[in-house]
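To keep things clear, I will list the structure first and then write my remarks on it.
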2 protein chains.
Amino acid sequence: MAVIDAVDARGRILDVTAALVLEHGVAGVAQRQIAEQVGIKAASLYHHFGSKNEIVEAVFRRGIDVMEHAWDEAAAAATAADRRTRLATHVRAHLSALFENGPYTAAHVTAFRTAPAEVRTAVVPMRDAYEARWTHLLSDLNLVDQPGLHRLTLFGAMNSSVEWFDTERGNLDELAEVITTQFWGRTP
Amino acid sequence: MAVIDAVDARGRILDVTAALVLEHGVAGVAQRQIAEQVGIKAASLYHHFGSKNEIVEAVFRRGIDVMEHAWDEAAAAATAADRRTRLATHVRAHLSALFENGPYTAAHVTAFRTAPAEVRTAVVPMRDAYEARWTHLLSDLNLVDQPGLHRLTLFGAMNSSVEWFDTERGNLDELAEVITTQFWGRTP
DNA sequence: GTCTATACCACGATAGAC
DNA sequence: GTCTATCGTGGTATAGAC
């Protein structure tokens, strides 16, 4: 389910916006800039979306969707596995959402915090649901006293990779293993 | 060396800008907004700085300065300590830079990536120097095979705390201990 | 050192032709 | 579904009085 290189106009607008928002933040992206990369005029965006914020909100929602789908696949693949493998599988799945399904998830995790309040409040329930899955998993794995705190630092380590990980040169399986080892502990 | 609540105009401009940039990102902050919070008109900013980018650059430089000072204090305090204490001291110092000396370091680590290229290239040597200190320390501690990768995920965990840590309710010593434990490993 | 006034441009958004 | 044209606003920045 590759979400990159959409063929319909609406999809191309989202693709372009996600990439631009990832690079410049929401406030740093102009509709004229989006339109230019899509190959239309800025006014034409309003045939597909009601406002700039609506475009950004759709990008964020899709970014969370991508994470959820990656989670579901990981959960299905690792139900019967041992505890460490379950963690490793979900870490790999989150990294997959960040790097292997278009810039949506990466745009969401980097730009959400500084996005307009209207956009943030609209998507916060979706975010919370995904975060709750993680907290529940970590609680289930029984690694530490504070699974909530553990999830936050784990998210910090995983999500920060969008700032420095190079998909051309790096290996996502390797990165997932490194992060899993750090958060599992070296002698389980 | 509290850097908050400066009394001179230049210092107040930087204080206000750092706080606003932390919240909204560079592109999300207008000079009129900065001026209003300082209590002057936007045009008066040009008596102190040559452009918006110059203000932001000064904020970032100060953010890195704060980190460097925190590092120096930690290094002086922990030279004779055991390896784990050295790591813990520097983790605590980095958190101190993020939360206990104004919003400068927090603004820098969150807004640098989406800042104008002109600003980024101007401060990148300072950033690199601080990062090199960390890589050297981690290499020295001989914890893992890849100290470079380790530093990046550690930075991710530490810096992400500006998105969720509440200084009113949380305890920075405790947070430092949690992160140190994660990155040291549970059974050294 | 701060002000008023203003230039100039880019922003998001709308109207209406095709 | 995309266009041209345009509106009103707000952005950075400058000139010059006080």
Side-chain angles (χ1 to χ4, degrees), chain A residues 5-61 107 111-112 114-123, chain B residues 5-61 107 111-112 114-123:
Chain A
D5 298 331
V7 288
D8 59 311
R10 194 189 149 96
R12 270 182 293 128
I13 291 167
L14 294 181
D15 281 359
V16 165
T17 304
L20 286 172
V21 164
L22 171 59
E23 190 174 349
H24 300 111
V26 174
V29 177
Q31 293 178 212
R32 289 173 161 91
Q33 205 179 347
I34 297 167
E36 193 192 5
Q37 289 202 16
V38 171
I40 58 177
K41 297 294 174 182
S44 305
L45 294 171
Y46 286 86
H47 178 75
H48 304 278
F49 296 93
S51 67
K52 178 186 174 183
N53 278 356
E54 270 189 29
I55 305 178
V56 173
E57 185 184 322
V59 165
F60 284 177
R61 287 193 187 280
F112 173 83
T114 54
E118 179 196 329
V119 176
R120 291 203 316 275
T121 54
V123 301
Chain B
D5 298 331
V7 286
D8 59 310
R10 194 189 150 96
R12 272 182 291 128
I13 291 168
L14 293 181
D15 281 358
V16 165
T17 304
L20 287 172
V21 164
L22 170 60
E23 189 174 350
H24 300 112
V26 174
V29 177
Q31 293 176 216
R32 296 194 222 272
Q33 207 180 347
I34 297 167
E36 193 192 6
Q37 290 203 13
V38 171
I40 59 177
K41 296 294 175 181
S44 304
L45 294 171
Y46 286 86
H47 179 75
H48 304 279
F49 296 93
S51 67
K52 177 184 174 182
N53 277 355
E54 270 189 30
I55 305 178
V56 174
E57 186 185 321
V59 166
F60 284 177
R61 287 192 186 281
F112 173 83
T114 54
E118 179 196 331
V119 177
R120 291 203 315 274
T121 54
V123 302

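Within every chain, numbering begins at 1; the chains are lettered A, B, ... in the order of the sequence lines, protein sequences first and strands thereafter.
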Worksheet item: Which letters describe nucleotides 2-13 of chain C, given B = protein heavy atom under 4.0 Å from base, S = only from sugar-phosphate, - = neither?
Response: BBBB-----BBB
Fill in: Set of side chain to side chain donor-acceptor pair (under 3.5 Å) partners for B:R61, sequence neighbours left out
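Side chain to side chain donor-acceptor pair (under 3.5 Å) list for B:R61, sorted by chain: B:E57.
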Item to complete: Not counting sequence neighbours, which residues clear side chain to side chain donor-acceptor pair (under 3.5 Å) with A:E54? List them please.
Response: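 Side chain to side chain donor-acceptor pair (under 3.5 Å) check on A:E54 returns nothing, list empty.
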Worksheet item: Whole Å only: how far is the CG atom of B:L45 from the C1' atom of C:dG1?
Response: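 Whole-Å distance recorded here is 12 Å.
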Let me check something: any side-chain donor-acceptor pairs from residues 37-44 of chain B under 3.5 Å, sequence neighbours excluded? List them with distances.
none

Enumerate, atom names and distances included, each donor-acceptor pair closer than 3.5 Å involving a side-chain atom of residues 16-33 of chain A, sequence neighbours excluded.
residue : atom : partner : partner atom : Å
A:T17   : OG1  : A:I13   : O            : 2.7
A:Q31   : OE1  : A:Y46   : OH           : 3.4
A:Q31   : NE2  : A:Y46   : OH           : 3.1
A:Q33   : OE1  : A:A30   : N            : 3.2

Worksheet item: Sequence neighbours excluded, which residues qualify as ring pair (Phe, Tyr, Trp, His ring centres under 6.0 Å) partners of B:F112?
Response: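 With neighbours one apart ignored, the set is B:H108.
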